[in-house]
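Order of the sequence lines fixes the chain letters, A, B, ..., with proteins taken first and strands second; residue numbering starts at 1 for each chain. Computation of the quantities below employed the complete heavy-atom set of this structure, encompassing side-chain atoms and omitting hydrogens, waters and symmetry-equivalent molecules. Just so you know, these numbers come straight off a predicted model, no measurement behind them.
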Amino acid sequence: MIDLRLLRDTPDVVRASQTLRGDDPSLVDTVLELDTRRRAAVTDFERLRAEQKALGKQVAQARGDEKAELLARAKGLAEQVKARQADADAAGAELDAVVSRIGNVVHDGVPAGGEDDYVVLKHVGTPRDLAAEYGPDFAVRDHLELGELLGAIDTERGAKVSGARFYFLTGIGARLELALLNAAMDRALAAGFTPMITPTLVKPEVMAGTGYLGAHADEVYRLEADDLYLVGTSEVALAGYHADEILDLSDGPRRYAGWSACYRREAGSYGKDTRGIIRVHQFHKVEMFTFVSAEESQAEHQRLLALEEEMLGLVELPYRVIDTAAGDLGSSAARKFDCEAWLPSQARWLELTSTSDCTTYQARRLGVRERTATGETRPAATLNGTLGTTRWIVAILENHQQADGSVRVPEGLRPYLGGLDVLRPTRPAGA
RNA sequence: GGAGACGUCGCAUAGUCAGGUCUAGUGCGCGACCCUGCUAAGGUCGUGAAGGCGCAAGCCUUCCGUGGGUUCAAAUCCCACCGUCUCCGCCA
């Protein structure tokens with residue numbers, strides 16, 4: 001939720017942000033108008049209510065005829081109070097409905113435009129030239145082919161058991177995921193994050209609080225019988241962890257690393273990434289989540305990005321970092337950096353991490369506040385970032401593949417695989 | 001799944017039966033100050049959140065698990081829901 005005071009004091013800033021996002025800037029003026037109306041309604045109600053309370057006290061003291069007369073007056077007043085309260089409530093609801101449509105104010109420097117208008121901040125590492133290494137006739141194997149050779153991925157039986165976009169990680173595939181996610185948890189722990197294993201079913205207010213029931217609501221699984229939602233990331237549960245709490249952040253941020261299954265309906269992506277495990281309905285993820293004072297959020301954002309890069313370095317993947325354009329930000333994010341690894345089989349970049357600075361937007365909706373040194377309360381800032389997902393296996397297999405279908409294990413992962421340095425096919429290539 | 005008890009201002013508790021003086025008392029904790037020759041004791045005052053009005057001082061409204069209802073008036077009465085605990089049953 002946007003800061004109403006900010007919107008009142010500097011509407012131009014919010015209008016500019018709306019424009020940058022490609023959203024309607026006139027919503028700001030609608031909010032200003034509805035806000036004025038609401039405040040008038042509230043004042044009306046409160047004045048009458050005060051009158052009613054005062055009268056109520058007189059009723060309590062009075063006796064006989066005097067009491068009967070006061071009672072009659074009080075009855076009339078009660079009707080009016082009820083009506084004014086309804087007016088004030090309605091005005092508040094009307095205001096909320098519009099306010100909730102305004103996205104977070106984007107940070108200075110965020111590129112304007114949509115999905116394709118990102119700015120590449122840097123490249124790290126160089127994609128291998130497999131043709132140079134293994135000869136011009138070498139056919140690059142994609143992650144599914146490799147995964148099947150290694151006995152690591154079984155999408156056929158995934159479909160048999162659960163349908164399209166489901167899979168089994170088998171044998172070394174399962175071990176590889178555990179290794180990756182354990183490595184991610186260890187990195188987070190070393191960086192001062194508290195490891196968390198989180199619920200994957202959450203209440204509607206938590207899901208709404210994180211902003212996932214807005215434009216992308218049809219991406220979210222809902223269990224109708226229980227009125228619960230399946231999370232698409234542990235960010236949801238972690239954001240809700242301190243909902244309606246007042247935190248003491250004077251000793252530094254609260255940093256959590258959540259491990260959870262993640263569920264996504266992939267409703268709008270028919271025919272996209274249908275092969276393998278790039279885009280699936282269920283996967284595992286280690287997610288960083290920070291509660292921090294508002295003015296420190298951008299510095300924390302850089303820290304999360306640095307940790308993501310450290311993990312990508314650990315698994316030795318070539319990647320680039322992009323600054324997502326305003327129109328491609330979630331409503332809660334003021335800025336978002338993605339790290340994309342090279343995908344040899346498709347000669348393109350594949351998103352492996354995403355870190356968002358939600359400033360106080362998400363926290364305001366969830367009621368997460370901090371107490372300042374002067375004893376005041378104010379909304380905290382929240383940030384999140386990816387430290388490892390099932391999808392990373394795609395990039396690891398493809399980038400570290402060798403001519404015979406084996407896959408070199410990046411050194412950073414070897415301790416998590418009992419020292420294993422090469423994943424070898426369990427059946428001959430081509431079989 | 002069944003039965004019962006309970007949910008009050010950071011913590012503990014009073015208030016709920018008999019609705020109005022609850023503007024929610026008290027203790028602890030916390031903060032400021034005072035006193036005191038010393039890691040003691042005591043005293044005074046203060047101490048929740050959200051919102052509205054106001055230049056300000058300040059005033060006002062809402063919140064006693066949540067949401068409805070009854071009433072001129074609800075922490076208090078009624079209903080539903082949520083949560084915690086105890087017991088019983090069932091089961092990975």
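- For A:R39, the side-chain atoms get nearest to B:rG52 when compared with the rest of B:rG52, B:rC72, B:rA49.
- Residue A:V42 has its side chain nearest to B:rG52 when only B:rA50, B:rG52, B:rC72 are considered.
- Taking side-chain N and O atoms only, A:Q52 has no distance below 4.0 Å to OP1 or OP2 of B:rC72.
- The backbone N or O of A:A267 sits less than 3.5 Å from a side-chain atom of A:E219, completing a donor-acceptor pair.
- Side-chain proximity of A:R371 to the nucleotides B:rG48, B:rG20, B:rA73 is greatest for B:rG48.
- Using cut-offs of 30° and 60° on the angle between ring planes, the pair A:H281 and A:Y221 is perpendicular.
- For A:Y241 and A:Y256, the ring centers are positioned less than 6.0 Å apart.
- Listed nucleotides: B:rC72, B:rC53, B:rG51. Nearest to the side chain of A:R38: B:rG51.
- B:rC9 and B:rU23 have their C1' atoms separated by 14 Å, given to the nearest Å.
- Within the structure, a side-chain polar atom (N or O) of A:R8 is placed less than 4.0 Å from OP1 or OP2 of B:rG52.
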- Task: Indicate for each nucleotide in nucleotides 57-70 of chain B, in 5' to 3' sequence, whether protein heavy atoms under 4.0 Å reach the base (B), only the sugar-phosphate (S), or nothing (-).
- Result: ---BBS-------S
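- When the salt bridge (charged side-chain N to carboxylate O under 4.0 Å, His left out) test is applied to A:E69, no partner is found at least two apart in sequence or on another chain.
- Using C1' as the reference atom, B:rU76 and B:rG7 are 15 Å apart when rounded to the nearest Å.
- In this structure, B:rG7 forms a base pair with B:rC82, meeting either the Watson-Crick or the G-U wobble geometry with both donor-acceptor distances under 3.5 Å.
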